[in-house]
Protein chains: 2
Amino acid sequence: MTISTYAQNVSHPPFAVTVDLVVLTIRESELCVLLVQRGEEPFSGQWALPGGFVLVDEDIEAAAYRELAEETGVSEGLHLEQLASYGAPDRDPRMRTVSVAWLALAPELAEPVAGTDAAHAEWVPVAETGLLTLAFDHERILADGLERARAKIEYSPLAAAFCPTEFTVGQLRKVYEAVWGHSLDPRNFHRKVTRTEGFLSETGGTSTIDGGRPAKLYRAGTRAMLNPPIRR
Amino acid sequence: MTISTYAQNVSHPPFAVTVDLVVLTIRESELCVLLVQRGEEPFSGQWALPGGFVLVDEDIEAAAYRELAEETGVSEGLHLEQLASYGAPDRDPRMRTVSVAWLALAPELAEPVAGTDAAHAEWVPVAETGLLTLAFDHERILADGLERARAKIEYSPLAAAFCPTEFTVGQLRKVYEAVWGHSLDPRNFHRKVTRTEGFLSETGGTSTIDGGRPAKLYRAGTRAMLNPPIRR
DNA sequence: GTAATAGTGTCTTTCAGACAATATCGA
DNA sequence: TCGATATTGTCTGAAAGACACTATTAC
């Protein structure tokens with residue numbers, strides 16, 4: 001039996017399964033996404049989300065972590081969560097593919113490393129991605145990832161994933177401002193995050209890297225949910 | 001080349017892709033989930049979520065709608081949204097499978113129809129599912145589906161998907177009470193849903209099916225988000 | 001000193017929680 | 001009439017938005 005007849009004869013046809021990553025970070029107060037310039041057909045030369053095939057004995061989450069490490073050079077300290085799966089029959093011209101997309105949030109990293117499939121990888125400000133045509137259905141995946149990130153920092157402590165281990169309230173606020181694309185009142189924001197029990201935990205240290213009065217340093221707290229949320 | 005060697009020789013190995021459904025409804029003021037008793041190996045005789053293989057040229061969302069219609073006999077008027085994908089290498093003992101799970105919310109329906117794979121399908125109160133052992137990783141999928149439904153009715157008009165086209169505020173409140181498993185103050189709930197612009201739209205009719213003073217009938221409104229949300 | 005950022009406090013408005021009171025049906 | 005549910009209203013406290021003011025650094 002050949003591969004081509006296989007699909008017609010069994011009730012569970014062969015699919016290729018891939019992972020695609022929406023990796024977000026903040027660079028120079030701008031929300032950026034990691035994009036690769038494809039080095040192979042299809043869509044050779046076009047921008048795409050990093051990703052690749054899931055191996056035959058590999059857990060799909062492990063595949064996402066593997067691709068993430070390949071593209072960023074970093075394998076820990078990142079937040080990774082499943083976004084959604086995309087499986088239109090014609091989404092990949094080569095074969096029937098289902099892609100499981102993941103959302104990763106990273107603190108500022110060194111310049112990205114090109115993966116095996118990619119000619120070139122780059123942090124692109126999200127504001128500029130509107131001008132780009134992405135390969136496959138990656139524009140949709142990116143839009144879904146952005147919306148997830150924007151929604152989730154409202155009610156979860158997830159914004160801290162964009163910060164180094166220790167950070168100031170001002171740095172955390174700049175994350176919200178970059179992700180939502182508008183400014184927040186520093187005083188009301190400070191009140192909200194510091195007076196919400198368990199949201200932040202003081203380290204005792206201070207920082208003056210942003211100038212002005214030294215700011216207390218915090219770590220992400222243990223609270224999983226913010227109720228009521230921070231309003232956008 | 002045989003099927004077994006195929007997987008070892010190509011970079012994009014064959015996966016089976018399935019859809020699994022968490023179909024929720026309210027019956028006698030209780031949140032219920034549609035379960036099937038499996039008629040085939042593996043897990044023959046055990047309870048499982050309804051679902052099945054995605055066909056070779058079928059969109060994964062279309063597969064979810066198809067399975068939903070097969071199991072419930074209803075193909076429209078239901079809310080269906082993607083939940084998550086589950087792809088541990090050992091989740092199906094037969095073969096490497098990735099399952100795309102979907103959450104469906106339905107108004108009260110007739111008794112379910114057994115699908116092709118299923119010996120028997122039944123609405124099981126969610127409170128009783130804790131005693132059951134579900135096939136595959138379906139306990140996890142069910143838990144994720146329940147949490148999604150519970151979280152989403154807080155800030156979206158989704159609870160109306162459990163109601164008929166026209167419903168009273170009291171019926172809508174009973175949905176929240178069934179999904180969250182505790183009672184809500186009828187007066188405060190009424191104030192919240194009727195005073196939130198665009199959440200409900202009055203039809204002009206009234207209903208006395210629940211006894212007492214006739215209640216105004218409403219349809220779901222056009223507002224997509226509730227801000228601030230209804231607190232659990 | 002000035003400029004910059006951190007942090008506190010105050011006033012107002014919005015809204016949730018608790019619950020009294022009234023309205024309108026069926027029996 | 002009573003019993004049930006619907007609907008309005010009132011009081012209180014929590015918390016957000018707007019914004020004055022003080023604190024502490026670098027220069």
Side-chain angles (χ1 to χ4, degrees), chain A residues 26 28-29 153-155 159 163-164 166-178 180 182-219 223 225-232, chain B residues 26 28-29 153-155 159 163-164 166-178 180 182-219 223 225-232:
Chain A
I26 315 278
E28 295 166 20
S29 297
I153 63 173
E154 288 185 38
Y155 58 86
C163 296
E166 299 195 358
F167 52 88
T168 68
V169 172
Q171 289 174 326
L172 187 63
R173 177 171 46 82
K174 284 186 176 61
V175 167
Y176 278 87
E177 292 177 335
W180 286 342
H182 60 79
S183 57
L184 298 170
D185 185 283
R187 297 156 293 184
N188 293 336
F189 182 84
H190 189 280
R191 177 182 61 196
K192 176 70 176 174
V193 299
T194 57
R195 306 260 173 102
T196 299
E197 190 70 26
F199 190 65
L200 296 178
S201 85
E202 228 171 297
T203 68
T206 58
S207 162
T208 53
I209 53 167
D210 288 315
R213 171 176 169 178
K216 289 182 185 167
L217 284 168
Y218 295 87
R219 265 191 218 90
R223 175 186 271 246
M225 282 302 192
L226 249 172
N227 197 348
I230 301 174
R231 295 179 68 172
R232 241 189 264 204
Chain B
I26 315 278
E28 295 165 21
S29 297
I153 63 173
E154 287 184 40
Y155 58 87
C163 295
E166 300 195 357
F167 53 88
T168 68
V169 172
Q171 289 174 327
L172 187 64
R173 177 170 47 82
K174 284 185 176 62
V175 167
Y176 278 87
E177 292 177 336
W180 286 342
H182 60 78
S183 58
L184 298 170
D185 185 283
R187 297 156 292 185
N188 292 337
F189 181 84
H190 189 280
R191 177 182 60 196
K192 177 68 175 175
V193 298
T194 56
R195 306 263 173 97
T196 299
E197 189 72 25
F199 190 65
L200 296 178
S201 86
E202 227 172 299
T203 68
T206 58
S207 161
T208 54
I209 53 166
D210 288 314
R213 171 174 168 180
K216 288 182 186 167
L217 284 168
Y218 295 87
R219 267 192 218 91
R223 177 188 270 245
M225 284 300 195
L226 249 171
N227 198 348
I230 301 175
R231 296 180 68 171
R232 242 191 263 205

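Below, chain A is the first sequence line, B the second, and so on; all start at residue 1.
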Quiz item: For the residue pair B:Arg231 and B:Trp180, what are the closest heavy atoms and their distance?
Solution: O-CZ3, 3.7 Å
Quiz prompt | N/O (side chain, A:Lys192) to phosphate O (OP1/OP2, D:dA16) under 4.0 Å | solution = yes
Quiz item: Touch check for A:Pro186, heavy atoms < 4.0 angstrom, all strands: base, sugar-phosphate only, or nothing?
Solution: nothing
Quiz item: Under 3.5 Å, is there a donor-acceptor pair between the side chain of A:Arg219 and the main chain of A:Thr203?
Solution: no
For residues 168-178 of chain A, which side-chain N or O atoms pair as donor and acceptor with protein atoms under 3.5 Å away, sequence neighbours left out?
residue: A:Thr168; atom: OG1; partner: A:Gly170; partner atom: N; Å: 3.4
residue: A:Thr168; atom: OG1; partner: A:Gln171; partner atom: N; Å: 3.0
residue: A:Gln171; atom: OE1; partner: A:Thr168; partner atom: N; Å: 2.9
residue: A:Arg173; atom: NH1; partner: A:Glu177; partner atom: OE2; Å: 3.3
residue: A:Tyr176; atom: OH; partner: A:Ile153; partner atom: O; Å: 2.9
residue: A:Glu177; atom: OE2; partner: A:Leu184; partner atom: N; Å: 2.9

Exercise. Specify the separation, in whole Å, of atom CG of B:Leu172 and atom P of D:dA6.
Key: 12 Å
Exercise. Specify the residue among A:Arg213 and B:Tyr218 whose closest nucleotide of DNA chain D lies further upstream toward the 5′ end.
Key: B:Tyr218
Quiz item: Once you round it to whole Å, what is the distance between C1' of D:dG17 and CG of B:Asn227?
Solution: 14 Å
Self-check item: Atom of A:Arg223, atom of A:Asn227 and distance for their closest heavy-atom approach
Solution: NH1-N, 3.9 Å
Quiz item: Roughly, in whole Å, what's the span from CG in A:Leu184 to P in D:dA16?
Solution: 13 Å
Quiz item: Side chain of A:Arg191, base of C:dG9: donor and acceptor closer than 3.5 Å?
Solution: no
Quiz item: How close or far is atom C1' of C:dT5 from atom CG of A:Leu217, stated in whole angstroms?
Solution: 14 Å
Practice problem: In whole angstrom, give the distance that lies between atom CD1 of B:Ile230 and atom C1' of C:dG17. | Solution: 14 Å
Self-check item: OP1 or OP2 of C:dA6 under 4.0 Å from side-chain N/O of A:Arg173
Solution: yes
Practice problem: Check the distance between C:dG7's P and A:Asp210's CG and give it to me in whole angstrom. | Solution: 11 Å
Exercise. Please evaluate the base of C:dA20 for a donor-acceptor partner in the side chain of B:Arg187 within a cut-off of under 3.5 Å?
Key: yes
Quiz item: Can you tell me how far P of C:dG17 sits from CZ of B:Arg232, to the nearest Å?
Solution: 14 Å
Quiz item: Which residue, B:Arg231 or B:Thr208, contacts DNA chain C at a nucleotide closer to its 5' end, judged by nearest heavy atom?
Solution: B:Arg231
Quiz item: Closest nucleotide of DNA chain D for A:Gly212 versus for A:Asp185: which of these residues is on the 5' side?
Solution: A:Asp185
Practice problem: Report the distance from atom CD of B:Glu177 to atom P of D:dT5, rounded to the nearest whole Å. | Solution: 11 Å
Quiz item: Which atom names give the shortest non-hydrogen contact between A:Leu226 and A:Phe199, and what distance separates them?
Solution: CD1-CE1, 3.3 Å
Self-check item: Quiz item: A:Asn188 side-chain donor-acceptor pair to D:dA18 base, under 3.5 Å
Solution: yes
Quiz item: Do any side-chain nitrogens or oxygens of B:His190 fall under 4.0 Å of OP1 or OP2 in D:dA6?
Solution: no
